[in-house]
Protein chains: 2
Amino acid sequence: MSKQIYPMPFTRLELCVFALLETELTVLQVRREEAPSKGKWALPGGVLRIDLDADLESAAQRVAGERLGTHLPYLRLQTAVGGKSRDPRSPWTLSIAYRATVRADALATSPGKRVEAIRWAGAGETASDNSLAFDHSAIIAAAVQDLRNEVENLELPWGLLPAEFTLGELQHHCEMILDRPLDKSSFRRRLADRDCVEAVRGQLRGAAHRPAQVYRGCPMHR
Amino acid sequence: MSKQIYPMPFTRLELCVFALLETELTVLQVRREEAPSKGKWALPGGVLRIDLDADLESAAQRVAGERLGTHLPYLRLQTAVGGKSRDPRSPWTLSIAYRATVRADALATSPGKRVEAIRWAGAGETASDNSLAFDHSAIIAAAVQDLRNEVENLELPWGLLPAEFTLGELQHHCEMILDRPLDKSSFRRRLADRDCVEAVRGQLRGAAHRPAQVYRGCPMHR
DNA sequence: TCAAAAGTGTTTGGGTTACACCCATGG
DNA sequence: CCATGGGTGTAACCCAAACACTTTTGA
């Protein structure tokens with residue numbers, strides 16, 4: 001056996017990039033301008049290049065650079081799906097899906113190679129309405145669930161938080177992700193217990209009313 | 001773009017098969033009889049065959065059949081790892097790891113294709129001592145952690161349980177997996193709350209002492 | 001009658017929810 | 001001085017840990 005006596009699957013990376021837009025958790029999608037599922041929306045993705053990519057995560061970062069024009073911090077492996085009839089371009093396609101959270105404005109103005117249209121679409125709906133190309137809706141559904149689980153255990157989505165924030169802002173972000181209200185008091189106590197955030201000495205921010213203490217993530221988790 | 005203009009990675013499946021042996025959680029390993037890491041122990045695995053396998057899970061089942069001579073129930077995707085220098089047989093290797101739990105006796109007497117030596121080795125140690133071929137120790141470490149997490153939330157490892165069991169046996173199994181004692185009373189109450197097991201009507205089993213009610217998994221979770 | 005395991009109840013404590021209440025500021 | 005969000009305290013509650021206790025069998 002050994003070297004390449006069997007044909008190998010067409011291997012791709014797909015990116016589940018989440019952000020908060022207005023009041024909603026959204027996923028980044030691109031419109032397909034080419035043959036399979038032309039005109040449909042899909043996750044941004046690209047082919048694994050064994051000549052360019054040192055490992056899976058580098059590959060995902062390269063794809064992010066090409067398609068979205070940006071590096072993605074806090075990128076995590078989400079899942080792998082593969083099978084015969086997933087993508088008509090190849091008899092057997094394997095997709096490795098990565099997940100990231102970003103601030104929506106971080107890549108507002110940078111379309112990438114072979115990408116003409118980009119949109120942020122509501123995560124919950126997209127996950128359930130099955131409207132995306134290939135099996136991308138299912139991938140998103142799982143990613144949303146995993147993201148929510150993380151936030152429930154206060155593994156904060158640093159990618160979509162500003163470097164510094166007030167606890168009110170942080171809570172609001174979490175509420176949008178989870179799509180449910182949180183109790184202010186318990187939220188803060190839980191944060192304090194696991195010390196995942198630290199107060200920025202002296203910094204206060206006054207919006208319209210009483211100024212709030214500014215925090216940032218503890219270096220440990222950030 | 002499209003059809004195969006780029007070389008694709010050497011794509012494999014690796015199996016993390018757990019069982020209880022004596023008092024310990026163990027992982028199934030095979031000794032490599034061929035070139036890379038010859039003589040070292042490794043996870044059983046095999047090459048993805050796009051001509052034979054309909055999807056990733058079927059591929060894993062085929063590999064299980066060939067190497068271990070058995071079907072693996074309750075098989076779950078564990079992780080994906082890929083990179084340039086993981087396996088000297090190919091410039092770029094991608095491994096999809098699956099995880100399963102079985103009863104140790106289910107495959108005691110069935111070596112498979114190209115497998116001469118098989119062993120069950122302590123899961124905790126193997127995970128930490130880094131003695132396996134390739135990066136398989138790291139894969140096992142993650143798999144052990146995920147398995148323990150599941151058992152902590154009473155997602156029972158049906159694969160390694162007999163069809164019918166007493167609550168004492170069930171608790172003992174869980175304790176071996178978690179490597180810590182559990183409280184009988186709370187264990188039973190938690191089981192009851194989530195009704196994951198159901199009493200088998202009338203069935204009692206007397207070993208040496210007071211006979212115990214026999215249970216089986218609820219169809220829901222089983 | 002004793003050992004051993006099955007099975008049950010009761011107390012305690014940690015952590016979260018729900019909600020009330022004060023504080024500081026701009027208008 | 002009032003509306004608004006920041007910030008803190010308290011009681012109720014849920015769940016699980018800890019542990020004591022009763023029950024039922026074989027030896």
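Every chain is numbered from 1, with letters handed out A, B, ... down the list of sequences. Keep in mind it's a predicted model, so treat the numbers as computed, not measured.
Pairs engaging residues 199-215 of chain A under the side chain to side chain donor-acceptor pair (under 3.5 Å) rule: A:E169-A:R205 [sequence neighbours left out].
A salt bridge does not link A:E152 to A:R148: none of the charged side-chain nitrogens sits closer than 4.0 Å to a carboxylate oxygen.
Between B:K84 and A:D53, the shortest heavy-atom distance links the atoms NZ-O, 3.9 Å.
Counting to the nearest Å, the C1' atom of D:dG5 and the NE2 atom of A:H209 are 6 Å from each other. One interatomic measurement links the two molecules: CZ of A:F165 to C1' of D:dG5, which rounds to 18 Å at whole-angstrom precision. The distance between atom CG of A:L170 and atom C1' of D:dG5, rounded to the nearest whole Å, is 16 Å. Residue A:Q171 contributes atom CD, which lies 9 Å from atom P of D:dG6 at whole-angstrom precision.
If you check the side chains of B:Q61 and B:E57, you find no donor sitting under 3.5 Å from an acceptor.
For the atom pair CG of B:D146 and SG of B:C16, the computed distance is 9.5 Å after rounding to the nearest 0.5 Å. From A:I118, atom CD1 reaches atom CZ of A:R31 across 11.5 Å, with rounding to the nearest 0.5 Å.
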_At under 4.0 Å between heavy atoms, how does the protein contact nucleotides 6-18 of chain C? Give one character per nucleotide, 5' to 3', with B, S or -._
BB-B------BBB

